[in-house]
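Here's the structure we're looking at; comments come further down.
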There are 2 protein chains.
Amino acid sequence: MTTPAPVSAGSRRLPHPPREEIRLETVLQALSDPMRLSIVRELAAGGDELSCSHFDLPVTKSTTTHHFRVLRESGVIRQVYRGTAKMNGLRTDDLDALFPGLLGTVLDAAGRQAARLGG
Amino acid sequence: MTTPAPVSAGSRRLPHPPREEIRLETVLQALSDPMRLSIVRELAAGGDELSCSHFDLPVTKSTTTHHFRVLRESGVIRQVYRGTAKMNGLRTDDLDALFPGLLGTVLDAAGRQAARLGG
DNA sequence: GGACTACTACGATAAGCATCGTAGTACGGC
DNA sequence: GCCGTACTACGATGCTTATCGTAGTAGTCC
């Protein structure tokens, strides 16, 4: 018993809602914030394992943490620690099972709007 | 000049955002409220011309007015006066042009969730 | 162990929003 | 013109939330 249970990179556990507790209204609300929608767009585009520090958002670190927590607690993203970094990925499987096509259509809509407004 | 411009049922004009000003984030936020989502579901199911008083929501009239205004100002519904009644309809054409499939997918997701949770 | 990195927790603040009650306006019918 | 119906506008209230700064924790590397 030198160390009771090292657990290494898993000691910091993050609470995720199980699939059956994910609510549509909460997901929509999570996606309705411009900052969070851009995070989700970047996650969808840039593969599925991005660290928090990869995102360069025009807010402080505290606020970034807040937005990632909202996304995680709504069931939109999954977060795991890997060393000092926290890796983020979309819960595509769960969302597609619950709300088929929703994530895709929202991402498509966001892309169209960005193309229309941003150039 | 008996009457300068009677306008009859059109004197009370309601401000609607033009199609090109409808923003995805605003639409998602409008749909993220349970009360408003149920209004939209009922509009989608019950044809497209329902008066405000048709809805029996567990809130006061003032609050109902507020929710309908949020839906109108976000671009989700269209409202016109017809006599003393105010008729409501989804802006399906505009939404489908801007965000193809979005409204349908959200309504489908809401239906699935209702079936899963409500029975 | 000590320094550095990455992220978090907590408290504060200011803005937003869902809700209500009351008072008021527009329209239709008598 | 008068009354009832349908909806609105306004102000208040209490809750949620987006933001920040500071202080702190967990992990990596030397």
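Within every chain, numbering begins at 1; the chains are lettered A, B, ... in the order of the sequence lines, protein sequences first and strands thereafter.
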From CD of B:E25 across to P of C:dC17 the rounded distance in Å is 14 Å
Could you go through the side-chain contact (heavy atoms from CB on, under 4.5 Å) check for A:T26 and A:E73 one step at a time? CA-CA 9 Å; A:T26 316; A:E73 291 180 346; over 6 Å; no
Would you please name every residue forming a side-chain contact (heavy atoms from CB on, under 4.5 Å) with A:P34, sequence neighbours left out? B:E25
Quick check on DNA chain C: between B:H66 and A:H54, whose nearest nucleotide comes earlier from the 5' end? A:H54
Is a donor on one side and an acceptor on the other found under 3.5 Å between the side chain of A:N88 and the backbone of A:Q79? no
Report, one pair per line, the protein and nucleotides 1-6 of chain D atoms (nitrogen or oxygen only) whose separation is under 3.5 Å.
from  : atom 1 : to    : atom 2 : distance (Å)
D:dA6 : O3'    : B:T84 : O      : 3.4

Under 3.5 Å, N/O pairs linking protein and nucleotides 9-11 of chain D:
from  : atom 1 : to    : atom 2 : distance (Å)
D:dA9 : OP2    : B:R69 : NH1    : 3.4

Has B:R116 got a side-chain atom pairing as donor or acceptor with A:E20's backbone, closer than 3.5 angstrom? yes
With B:L71 as reference, evaluate B:L43, B:D33, B:I39 under the side chain to side chain contact (heavy atoms under 4.5 Å, CB included) test and give the passing residue. B:I39
Close approaches to DNA chain C from residues 26-38 of chain B, in residue order (heavy atom, under 4.0 Å): B:Q29, B:D33, B:M35, B:R36
Partner set under salt bridge (charged side-chain N to carboxylate O under 4.0 Å, His left out) for B:D93, not counting sequence neighbours: B:R78
Distance check: side-chain N/O of B:T60 vs OP1/OP2 of C:dT19, anything under 4.0 Å? no
Pair listing, salt bridge (Lys or Arg N to Asp or Glu O under 4.0 Å) test, anchored in residues 59-69 of chain B, at least two apart: none
How long is the line joining CG of B:L71 and C1' of D:dC7, in whole Å? 16 Å
When the distance from CZ of A:R72 to P of C:dC7 is rounded to whole Å, what number comes out? 13 Å
Would you say the side chains of A:T65 and A:S62 form a donor-acceptor pair under 3.5 Å? no
Check whether any side-chain N or O of A:T63 sits under 4.0 Å from OP1 or OP2 of D:dA18, and answer yes or no. no
How far does OG1 of B:T92 sit from CD1 of B:I77, to the nearest 0.5 angstrom? 11.5 Å
Round to the nearest Å and state the distance from A:N88 atom CG to C:dA6 atom P. 14 Å
Whole-Å distance separating the CG atom of A:L50 from the P atom of C:dC7: 11 Å
Is there a side-chain contact (heavy atoms from CB on, under 4.5 Å) between A:I22 and A:R91? Walk through the geometry before answering. CA-CA 11 Å; A:I22 297 178; A:R91 289 181 67 174; 3.9 Å; yes
In whole Å, I'd like the distance from the CD atom of A:Q79 to the C1' atom of C:dA6. 13 Å
Mind calculating the distance between CD1 (B:I39) and P (C:dA18) to the nearest angstrom? 11 Å
Under the 3.5 angstrom rule, does the side chain of A:R112 hit a backbone N or O of B:F99 as a donor-acceptor pair? no
